[in-house]
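The first residue in the sequence is number 1, and the count goes up from there.
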Amino acid sequence: MVTIAVFYTGHGADEALMMDLSAADEKFVDAHAKAAKTAFICMCILGGIALVVAWLGRKLPHISRGVAAIILVLSLAELVLMGRTANLGGNIRHPEIRPAQPETAAPSATKEEAK
């Protein structure tokens, strides 16, 4: 349920941040927004599956190991998606954690240096 509130308040935060960010930082905002949308959709699917399992299993003493394993795997996958989204969000305001910029190629060696 918290994911819904966080997802929908992100658009307002984007508008507030865009006043302070340069155009170069927009690519980080876009990457974070795309990752957030993917993570949000997957979280909704996982929540729906968990709700169905809880509803169907309300009269059973326990759920099957297979169903529990599927929910565990989906939860771990969602954890990775949310972690990636959080990391991309951190890149927006914290340039010190951004991936290193590719270095420019060194000038090629002359024929004499190669010998």
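Side-chain contact check for I49 versus I45: some heavy-atom pair is nearer than 4.5 Å.
Taking each heavy atom of A31 and L88 in turn, the nearest pair found is O-CD1, 3.7 Å. In this structure, E78 and C42 approach most closely via the heavy-atom pair OE1-CB, 3.0 Å.
Atom NZ of K27 sits about 10.0 Å away from atom CG of N91, to the nearest 0.5 Å. With values rounded to the nearest 0.5 angstrom, C44 atom SG is found 12.0 Å from L51 atom CG. The distance from atom CE of M43 to atom OG of S75, rounded to the nearest 0.5 Å, is 8.0 Å. Between atom OG1 of residue T38 and atom CE of residue M82 there is a gap of 10.5 Å, rounded to the nearest 0.5 Å. With rounding to the nearest 0.5 angstrom, the CD1 atom of I41 is 14.0 Å from the CG atom of L46.
Applying the 6.0 Å contact sphere to CZ of R58 captures more than 12 heavy atoms from other residues, nucleotides or ligands.
A single hydrophobic cluster is not seen to contain both V73 and L76; linkage of ILVMFWY side chains at heavy-atom distances under 4.5 Å, directly or through other members, places them apart. A chain of hydrophobic side-chain contacts below 4.5 Å, direct or via other Ile, Leu, Val, Met, Phe, Trp or Tyr residues, connects L74 to V53.
For residues 29-53, the ring-ring contact (aromatic ring centres under 6.0 Å, His included) pairs, not counting sequence neighbours, are F7-F40, Y8-F40.
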